[in-house]
Amino acid sequence: MTTELGLPALRGGPTRDPARPDDPRLVDTFGRVATDLRISLTDRCNLRCTYCMPAEGLDWMPRDEQLTDDELIRLIGLAVSELGIEELRFTGGEPMLRKGLEKVLGASAAMTPRPDISLTTNGIGLARRAEALAAAGVNRLNVSLDTLRQDRFETITRRDRLSDVLDGLAAARDAGLAPVKINSVLLRGVNDDEAADLLAFAVENGYQQRFIEQMPLDAQHGWARTEMITAGEILDRLGERFTLTPDSEARGGAPAERWLVDGGPAVVGVIASVTRPFCGACDRTRLTADGQVRSCLFANTETDLRAMLRGGVSDREIADVWRDAMWAKLAGHGINDPSFLQPDRPMSAIGG
Ligand code: SAM
Ligand code: SF4
């Protein structure tokens, strides 16, 4: 059921890799255990961030290829009860565009053991939905915001919605979705002079700021290493206004390296996937909106669970195929290898 992307799916029953240990969890050959499931609820979006997708959008996934709410809930259920998944992060595309969002959240929150539930959103519509999301079971929220300036927001997202995002952030904080994290991507010559302003805004308003290095996952394949703002540059710019000291709290599988801001308690995180990869501690598995398991954002293979769901395969067998997929996880994403090939699926269709 694992396919090289772009080739027709192989048909046939699940295969158990004989080398894989008899461990119910999602283990791989490098000793890592996946306990964090990232779920893409849709590939659609109401913004068009330049580093993510083209102005005209993409050919969205046909509805019948997308998992239904019940199919998705079944897969999440077996991940939590059979595979040792402890954390669920819902993302997309824009997850708030998924009609059944509250249903999927509510069903996830009712699972045993209760998983930790978080959502990554662009914040459009969050102001009126934050309370309902908290009530449905969301524990934590990440909101993407790359600039505090209206003209730049429009340049980057190709939409004039900055005030919606700012209102959404405040509503999330007021709904108790703590910590509300702000995810920012800095682009050279566009918003790279705003690092310190974004951090100051987050500290003043009780949010947690995180910067993400731009990754080669845009649909247009326009990423250029020389254009990317590195973690080193981000820290230099923050250092001009703040004193940063490494946070001693254990990082675990968290992608962000964290620093205390002016002695704390405020912290800032930097996700340096390109210049300081953290693959050795990765604890993730991913499920796309069309039911494909991916063991890495940058994987060039995926495993088709939707065909199994729709083919009447049992939970036990699906769980075993998921374990096989994780067992085959590569050591690292290979962005820095000369032979690196950007995956066909863009970030918006994988779930960032
Ligand atoms: N639409 C939601 C949002 O923007 O938060 C969720 C999906 S979006 C793909 C998730 C995160 O990925 C966002 O914080 C976004 O800034 C980030 N992202 C998108 N494309 C990226 C890229 N090429 N490199 C780094 N981060 C990227
Ligand atoms: Fe949409 Fe998020 Fe991609 Fe921006 S980063 S276009 S909000 S999916």
- Message: Can you pull out every ring pair (Phe, Tyr, Trp, His ring centres under 6.0 Å) where at least one residue sits in residues 68-89? Sequence neighbours excluded, please.
- Response: none
- Query: How many angstroms lie between atom CZ of Arg286 and atom CG of Leu37, to the nearest 0.5 angstrom?
  - Reply: 9.5 Å
- Query: Are the charged groups of Arg140 and Asp116 less than 4.0 angstrom apart, N to O?
  - Reply: yes
- Under 4.5 Å between side-chain heavy atoms, hopping through other hydrophobics if needed: is there a path connecting Ile350 to Leu88? no
- Query: Side chains of Arg158 and Thr50: is there a donor and an acceptor less than 3.5 Å apart?
  - Reply: no
- Query: For Gly137 and Ile117, which heavy atoms make the closest approach, and how far apart are they?
  - Reply: O-CB, 3.6 Å
- Could you check if a side-chain atom of Trp322 sits within less than 4.5 angstrom of a side-chain atom of Asp320, using non-hydrogen atoms only? no
- Message: Assigning hydrophobic clusters by single linkage (Ile, Leu, Val, Met, Phe, Trp, Tyr; side-chain heavy-atom cutoff under 4.5 Å), is Val165 placed with Ile212?
- Response: no
- For Asn139 and Pro115, work out which heavy atoms get closest and say how close. OD1-O, 4.2 Å
- Item | Residues Asp151, Arg149: salt bridge by 4.0 Å N-O rule | no
All N/O donor-acceptor pairs, side-chain side in residues 262-270, below 3.5 Å, sequence neighbours left out:
from, atom 1, to, atom 2, distance (Å)
Asp262, OD1, Thr243, N, 2.7

- Residues clustered with Leu97, ILVMFWY side-chain links under 4.5 angstrom: none
- Message: Could you go through Val80 and Ile76, starting from their C-alpha distance and side-chain angles, then the distance that decides it, and tell me whether this counts as side chain to side chain contact (heavy atoms under 4.5 Å, CB included)?
- Response: CA-CA 6 Å; Val80 169; Ile76 297 171; 4.3 Å; yes
- Item | Hphob cluster co-occupancy, Tyr51 + Ile124, side-chain heavy atoms under 4.5 angstrom | no
- Item | side chain to side chain donor-acceptor pair (under 3.5 Å) partners of Asp218, counting only residues at least two apart | none
- Residue set satisfying side chain to side chain donor-acceptor pair (under 3.5 Å) with Trp259, at least two apart, ordered chain then number -> none
- Measure the acute angle between the ring planes of Phe201 and Tyr207, then classify it against the limits of 30° and 60° as parallel, tilted or perpendicular. tilted
- With the threshold set at 4.0 Å, does a side-chain nitrogen-carboxylate oxygen contact exist between Glu71 and Arg310? yes
- Taken to the nearest 0.5 Å, the spacing of Gln209 CD from Leu238 CG works out to 8.5 Å
- Message: Between Asn300 and Arg294, is there a side-chain donor-acceptor contact under 3.5 Å, judged purely by atom types and distance?
- Response: no
Determine all donor-acceptor pairs shorter than 3.5 Å in which one atom belongs to a side chain in residues 188-196; sequence neighbours excluded.
from, atom 1, to, atom 2, distance (Å)
Arg188, NE, Glu227, O, 3.3
Arg188, NH1, Glu233, OE2, 3.0
Arg188, NH2, Met228, O, 3.0
Arg188, NH2, Glu233, OE1, 2.9
Arg188, NH2, Glu233, OE2, 3.2
Asn191, OD1, Leu187, N, 2.6
Asn191, ND2, Asp146, O, 2.8
Asn191, ND2, Val185, O, 3.0
Asp192, OD1, Gly189, N, 3.0
Asp192, OD2, Arg237, NH1, 3.0
Asp193, OD1, Arg152, NH1, 2.7
Asp193, OD1, Arg152, NH2, 3.4
Asp193, OD2, Arg152, NH2, 3.0
Glu194, OE1, Thr147, OG1, 3.3
Glu194, OE1, Leu148, N, 2.9
Glu194, OE2, Thr147, OG1, 2.5
Glu194, OE2, Arg152, NH1, 2.9

- What is the minimum heavy-atom distance between Met96 and Leu126, and which atoms define it? CE-N, 3.7 Å
- Query: Going hydrophobic residue to hydrophobic residue with side-chain gaps under 4.5 angstrom, can you get from Leu287 over to Val313?
  - Reply: yes
- Short side-chain donor-acceptor distance under 3.5 Å, Thr42 and Arg98: no
For a quick test of your reading: what N or O donor-acceptor pairs under 3.5 Å do the side chains of residues 52-66 make, sequence neighbours left out?
none

- Between the main-chain N or O of Asp344 and the side-chain N or O of His221, is there a donor-acceptor pair closer than 3.5 Å? no
- Is there a side-chain contact between Val261 and Leu199, using heavy atoms and a 4.5 Å cut-off? yes
- Just wondering, do Arg210 and Glu257 contact through their side chains at under 4.5 Å, heavy atoms? no
- Query: Hey, are the side chains of Ile271 and Phe211 touching, using non-hydrogen atoms and a 4.5 Å cut-off?
  - Reply: no
- Task: State whether Asp315 and Arg74 are salt-bridged, where the test is any N-O pair (Lys NZ or Arg NE/NH1/NH2 against Asp/Glu carboxylate O) under 4.0 Å.
- Result: yes
- Message: For a 4.5 angstrom cut-off between non-hydrogen side-chain atoms, does Met215 reach Leu297?
- Response: yes
- Would you confirm whether Asp28, through its side chain, and Gly31, through its main-chain N or O, come within 3.5 Å as a donor-acceptor pair? yes
- Measure the CZ-CG distance between Arg258 and Leu260 for me, rounded to the nearest 0.5 Å. 8.0 Å
- Task: Side-chain contact test, heavy atoms from C-beta onward, threshold under 4.5 Å: evaluate it for Phe30 versus Cys279 and give yes or no.
- Result: no
- Give a yes or no on whether the backbone of Ala231 and the side-chain of Glu213 come within a donor-acceptor separation of less than 3.5 Å. yes
- Message: Quick check: do Asn183 and Thr120 have side-chain heavy atoms less than 4.5 Å from each other?
- Response: yes
- Item | Distance (rounded to the nearest 0.5 Å) between Leu26 CG and Arg323 CZ | 7.0 Å
- Query: What heavy-atom pair brings His333 and Cys296 nearest, and what distance separates the two atoms?
  - Reply: CB-SG, 4.1 Å
- Query: Apart from Leu341 itself, what residues make up its hydrophobic cluster when side-chain heavy atoms of I, L, V, M, F, W and Y under 4.5 Å apart count as a link, directly or indirectly?
  - Reply: none
- Task: Give a yes or no on whether Trp327 and Leu78 share a hydrophobic cluster (residues Ile, Leu, Val, Met, Phe, Trp, Tyr; joining criterion: side-chain heavy atoms under 4.5 Å apart).
- Result: no
- Query: Which pairs count as salt bridge (Lys or Arg N to Asp or Glu O under 4.0 Å) when at least one residue sits in residues 165-176, sequence neighbours excluded?
  - Reply: none
- For Val143 against Gly123, the heavy-atom pair lying closest together: CG1-CA, 4.1 Å
- Message: Given 3.5 Å as the limit, does a donor-acceptor pair link the side chain of Gln292 with the main chain of Asp290, or not?
- Response: yes
- Message: For Glu94, give me all partners under side chain to side chain donor-acceptor pair (under 3.5 Å), at least two apart in sequence or on another chain.
- Response: Thr121, Asn122
- Using modelled atom types only, decide if a donor and an acceptor are shared between the side chain of Arg48 and the backbone of Cys45 within a distance under 3.5 Å. yes
- Message: When you compare the side chain of Pro24 with that of Glu82, does any pair of heavy atoms fall below 4.5 Å?
- Response: no
- Message: Does this structure show an ion pair linking Asp164 with Arg159, if we count only N-O contacts that are shorter than 4.0 Å?
- Response: no
- Message: For Ser40 versus Ser348, what's the shortest heavy-atom pair and its separation?
- Response: OG-O, 4.5 Å
- Message: Return the CG to CG distance between Leu145 and Leu162, rounded to the nearest 0.5 Å.
- Response: 6.5 Å
- Query: Which residues satisfy the side chain to side chain contact (heavy atoms under 4.5 Å, CB included) test with Ser295, sequence neighbours excluded?
  - Reply: Met326, Lys329
For residues 99-106, please give each side-chain donor-acceptor pair under 3.5 Å, one per line with the distance, not counting sequence neighbours.
from, atom 1, to, atom 2, distance (Å)
Glu102, OE1, Arg129, NH2, 3.2
Glu102, OE2, Arg129, NH2, 3.3
Lys103, NZ, Asp70, OD1, 3.0

